[in-house]
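Here the structure is laid out as structure tokens; the discussion comes afterwards.
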There are 2 protein chains.
Amino acid sequence: MSRIEEIAKQAGVSRSTVSRVINNDPNVNERTRQRVLEVITLNNYVPNRAARKLAGGRTGIIGLVIPIRVASLFVEPFFPILVQSVTNHCNRLNHSVMLWLGEPERERRSITQILSNDLLDGVIVSSLQDRDPIVAALHQSKIPFVLIGSYPNSLPVSFVDIDNEDCTRQAVNYLIHIGRKRIATITGVQGSLVSRTRLEAYRATLADAGIEADENLIAEGGFVEEGGYAAMSKLAAHRPDAVFAANDAMAVGAIRYLREQGQRVPEDVAVVGFDDAPFAAGYKPALTTIAQPIAELGSQAVDMLMQLIDGEPEKPLTKVLPSVLVVRESA
Amino acid sequence: MSRIEEIAKQAGVSRSTVSRVINNDPNVNERTRQRVLEVITLNNYVPNRAARKLAGGRTGIIGLVIPIRVASLFVEPFFPILVQSVTNHCNRLNHSVMLWLGEPERERRSITQILSNDLLDGVIVSSLQDRDPIVAALHQSKIPFVLIGSYPNSLPVSFVDIDNEDCTRQAVNYLIHIGRKRIATITGVQGSLVSRTRLEAYRATLADAGIEADENLIAEGGFVEEGGYAAMSKLAAHRPDAVFAANDAMAVGAIRYLREQGQRVPEDVAVVGFDDAPFAAGYKPALTTIAQPIAELGSQAVDMLMQLIDGEPEKPLTKVLPSVLVVRESA
DNA sequence: TTGTAGGCGTTATCAA
DNA sequence: TTGATAACGCCTACAA
């Protein structure tokens, strides 16, 4: 509403002092501080973020970028939880969140421009494709940022991630453990590290167990329900007795196909998903799934970003959440 | 990356000219413009939004505020579609969208502060509660804003809305038309205009049809599935043969309850919802529902906001979308 | 502990 | 058609 000078005048001090009070500078007489504070609340004064940023300060705003199709954003339960977690954690730290949703293709450039445009103190980016230009742009700009999910590049970037390999191993080992021999997998989208990681872990786990790989038992589902359905229809010809789907949406699609074909789940074909998504709850106990600590991913990302913002560590930070995750067996 | 002065220097002109080019000022020699443009793209220059805003210009960013519980945001299909529509339309107009999600209680204040904080050219707000402080704050600040959904206050605000009354009348008349006599309703949340409007239209329609009102046939469901279930359990005692639920989530909850009680839908109890939500598709043909032109709501809101932004009409703009909506009968 | 003054990157006003 | 120059609101040395 009003400018800093008005506050200064009313409090009988200079701009600088008001600024110091606002920014919690310790070098202010306690009395003066109280007086200024009063005037501030009295006038309902809020410093102008644009000016503050321009003058080298912080806006107290961080960006959360989720560059995926908006439609899927609201379908995959991963994102709502993440958004919620990041938002809450930021608020707790007196920061605000700007959420950027972008259609993959079109928006990439403009988002990038804005991000590097000094309005934000920092940025959290989730769900990247390989070699996403956003990362390059962010890296080039001076804005602190952290990725959720690691990035398949040599660029030194900060990130938090879950232990995808370990999680996948748990899933596949579970299937092996219950005696399945022909374990298929439905993968996510091409060009995403998370998909590759899970696929490779699937292969490795089978290999470790001395089970021979069969490329016919691998199909891509693109992380969506229909994809899971379609993938299952292809896999079916090769008679798997188990399927590891890289997320619950595809697992549900696979189950739908299997049931339509008169197969029993899990008796004939056991299905393990990934996410422990609420929308898949109705498919239990047929569906077994892996839970991720999504909320913790979010808060960890925020913490890491804050570190980057106030101290600029020359080395990027990374953190892989230990997999406290377990295969949740059906009740 | 670089500052406007560098561009100016490289192009052999002054800051002012560069600024004019950036802002499409017609008073620039065509040759000069080309030259400047070249240098700009060459340097990958993007004007600093904070500075621009500070100097009285525009950031090209508009805020989309949806002050509801994040969880419900992703459950109700209304919001994803709205977000998508607003985003797309803004992009088409070379603007960017910042999405603000806020927990109802806690966030109200801080959001308000930031909104009136000069970073945004304008704001679109959806899903307000009655007497939401956001509206007052927005109104007090000088920032242009438009509401999606009308506001139950005497404050002169701009808004776009669907014709809730007409939609509701269609729904209830449909139930009357198919011969139902004891038509119940499940309402949304207290303190929201949309809930009241639909409830009143329900009453009015019954009255117009000469059907006596029965307060026992009215129950609140809070716009959520569980609420619809609970509401239906209360209504059941009063033997309705039809239910108009103020949204599909509650309609689905109601159907779930009815089925658990061994009732047939729609034979024993006909159910009409509101939204034509994808997630409710599985309940058709039992469920009949009303479709809203949500996407159009979004683009209309954007258009209206743009009008407010460049010309400041002294009178607020309002627009009620004609109800092209129809009760979609089950296939 | 407080005040002064310069500058952050743009736009807008006014001359030229 | 173009170029100085003063804001815009704040932060941060530097001085006092």
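Chain naming here is simple, since letters A, B, ... match the order of the sequence lines and numbering starts at 1 in each.
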Take the protein atom [atom1] of [X] and the nucleotide atom [atom2] of [N], then report the distance between them rounded to whole Å.
X     : N      : atom1 : atom2 : answer
B:E5  : D:dA4  : CD    : C1'   : 12 Å
B:I4  : D:dT2  : CD1   : C1'   : 14 Å
B:Q34 : D:dT1  : CD    : P     : 14 Å
B:L54 : C:dA12 : CG    : C1'   : 13 Å
A:R31 : C:dT1  : CZ    : P     : 13 Å
A:R15 : C:dA5  : CZ    : C1'   : 8 Å
A:K53 : D:dT12 : NZ    : C1'   : 16 Å

Using side-chain heavy atoms (C-beta onward) and a distance below 4.5 Å, is [X] in contact with [Y]?
X      : Y      : value
A:D161 : A:L321 : no
A:Q300 : A:H89  : no
B:P293 : B:I162 : yes

What nucleotide, of [options], holds the atom closest to the side chain of [X]?
X     : options              : value
B:N29 : D:dC8, D:dT1, C:dT1  : D:dT1
A:N48 : D:dC11, D:dG9, D:dT1 : D:dG9
B:N27 : D:dT2, C:dG3, C:dG6  : D:dT2
A:T17 : D:dC11, D:dT2, C:dT2 : C:dT2

Under 4.0 Å from OP1 or OP2 of [N]: is there any side-chain N or O of [X] that close?
X     : N      : answer
B:S19 : C:dT11 : yes
A:N23 : D:dC11 : yes
B:R52 : C:dT11 : yes

Salt-bridge present (B:E6, B:K9; N to O < 4.0 Å) |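 Not counted as a salt bridge, because no side-chain N and carboxylate O are separated by less than 4.0 Å.
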Is it the case that the base of [N] and the side chain of [X] share a donor-acceptor contact (distance under 3.5 Å, atom types as modelled)?
X     : N     : result
B:R20 : D:dG3 : yes
B:R3  : C:dG7 : no
B:S16 : D:dA4 : yes

Hey, which of these two, A:G12 or B:R58, hits DNA chain C nearer its 5' end, going by closest nucleotide?
->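 Going by which nucleotide is closer to the 5' end, it is A:G12.
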Which residue lies more 5' along DNA chain D, comparing A:I22 with B:R33 via nearest heavy atoms |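 Nearest nucleotide further toward 5': that of B:R33.
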Check each of B:N88, B:L82, B:I81 against B:Q84 using the side-chain contact (heavy atoms from CB on, under 4.5 Å) test, and report the only one that passes.
->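 Passing option: B:N88.
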